[in-house]
Amino acid sequence: MKHLMTGLTIVAALSGCAAFHQPAQFALEDYPGDTPLERKLAQVNLDQNRARACGNGALCQQWMPSRKELAAASSFDCKAYVMSKAYALQDAGIDASRMRVAQFGVTGGSHVVLVVDDRYVLDNLDSSVRQVREYARFDPVLASLPWILMARRAAPVPTLSQANYD
């Protein structure tokens, strides 16, 4: 894991490296976490956070995007990051019923994050998987993922393994 974190630090320091279209191919056991689930969450969080963000906190997506809308998006806002992570986890075998969206207010607007098992938070503003209790001060409102988007598995999110992490 030390090599992974050193590599990620180097990548983060080089601004041009964020434009790679394929994620680094590290072994799952090289990601932080005590369990296979925690390591898979860390992998997905890091991989999906690489997508280009909308500039200056702008909204790129008007609603929670479908897989097709994500594939066509040139940049992501927090809603797109949530759905890209949800689709990636679903492709990895994690049931959508284990995932929820948390929305909370931030300076002059709102933000959404993905919550897994009512315990883990995947946030596009943080490269680490956090515990939901760390977000309690924001008084988040939890909601289910849009079932209509999660019910269909039309095309998997690219580059993620199909392993089951229950």
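For the numbers below, each heavy atom of this structure counts, side chains included, while hydrogens, waters and symmetry mates do not.
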Colleague: Contact between Gln103 and Leu142 at the side-chain level, heavy atoms closer than 4.5 Å - yes or no?
Modeller: no
Colleague: Which distance, rounded to the nearest 0.5 Å, do you find between the CE of Met150 and the OG of Ser97?
Modeller: 10.0 Å
Colleague: Apply the test side-chain contact (heavy atoms from CB on, under 4.5 Å) to residues Leu125 and Tyr81: give CA-CA distance (whole Å), side-chain angles for both, the deciding distance (0.1 Å), then the verdict.
Modeller: CA-CA 10 Å; Leu125 301 178; Tyr81 284 108; over 6 Å; no
Colleague: Kindly compute the distance separating CZ (Arg98) from CG (Leu37), expressed to the nearest 0.5 Å.
Modeller: 5.5 Å
Colleague: Is there a side-chain contact between Cys54 and Phe76 (heavy atoms, below 4.5 Å)?
Modeller: no
Colleague: With a 4.5 Å heavy-atom cut-off, do Val116 and Leu122 have their side chains touching?
Modeller: yes
Colleague: Ignoring hydrogens and angles, tell me if any N or O in the side chain of Asp95 forms a donor-acceptor pair with the backbone of Gln90 under 3.5 Å.
Modeller: no
Colleague: With the side chain counted from C-beta on, respond yes when Tyr120 and Leu114 share a heavy-atom pair under 4.5 Å apart, and no when they do not.
Modeller: no
Colleague: Checking side-chain contact (heavy atoms from CB on, under 4.5 Å) for the pair Met99/Val115: CA distance, chi angles, key distance, verdict?
Modeller: CA-CA 6 Å; Met99 298 178 247; Val115 177; over 6 Å; no
Colleague: Within this structure, what is the CG-CG distance for the pair Leu41 and Asp117, rounded to the nearest 0.5 Å?
Modeller: 7.5 Å
Colleague: Quick one: does Tyr87's side chain have a donor or acceptor within less than 3.5 Å of a partner on Val82's backbone?
Modeller: no
Colleague: Are the side chain of Glu38 and the backbone N or O of Asp34 linked by a donor-acceptor pair below 3.5 Å?
Modeller: yes
Colleague: Between Asp123 and Tyr135, is there a side-chain heavy-atom distance shorter than 4.5 Å?
Modeller: yes
Colleague: Please report the shortest heavy-atom distance between Ala96 and Leu145, naming the atom on each side.
Modeller: O-CD1, 4.2 Å
Colleague: Testing the basics here: between Ala88 and Val44, what is the closest heavy-atom pair and its distance to 0.1 Å?
Modeller: CB-CG1, 3.9 Å
Colleague: Under 4.0 Å between a Lys/Arg side-chain N and an Asp/Glu carboxylate O for Asp118 and Arg100?
Modeller: yes
Colleague: If you look at every heavy atom in Ala80 and Pro65, which pair is closest and at what distance?
Modeller: CA-CG, 3.7 Å
Colleague: Out of curiosity, Lys79 NZ to His111 NE2, how far, rounded to the nearest 0.5 Å?
Modeller: 11.0 Å
Colleague: With salt bridge (charged side-chain N to carboxylate O under 4.0 Å, His left out) as the criterion, how do Arg67 and Asp91 come out once you've worked through the C-alpha distance, each side chain's angles and the decisive distance to 0.1 Å?
Modeller: CA-CA 12 Å; Arg67 289 174 185 262; Asp91 292 344; 3.0 Å; yes
Colleague: Quick check on the hydrophobic clustering: are Phe104 and Val129 connected, directly or via other members, by side-chain heavy-atom contacts under 4.5 Å?
Modeller: no
Colleague: Measure the spacing between OG of Ser110 and CZ of Phe138 and express it to the nearest 0.5 Å.
Modeller: 13.0 Å
Colleague: Do Val101 and Met64 come close enough that some side-chain heavy atom pair is under 4.5 Å?
Modeller: yes
Colleague: Closest approach of Glu69 and Trp63, non-hydrogen atoms and distance?
Modeller: OE2-NE1, 3.3 Å
Colleague: Between Met83 and Leu70, is there a side-chain heavy-atom distance shorter than 4.5 Å?
Modeller: yes
Colleague: Decide yes or no for Lys85 and Asn45: does some side-chain heavy atom of the first lie under 4.5 Å from some side-chain heavy atom of the second?
Modeller: yes
Colleague: Which distance, rounded to the nearest 0.5 Å, do you find between the CD of Glu134 and the CD of Gln131?
Modeller: 6.5 Å
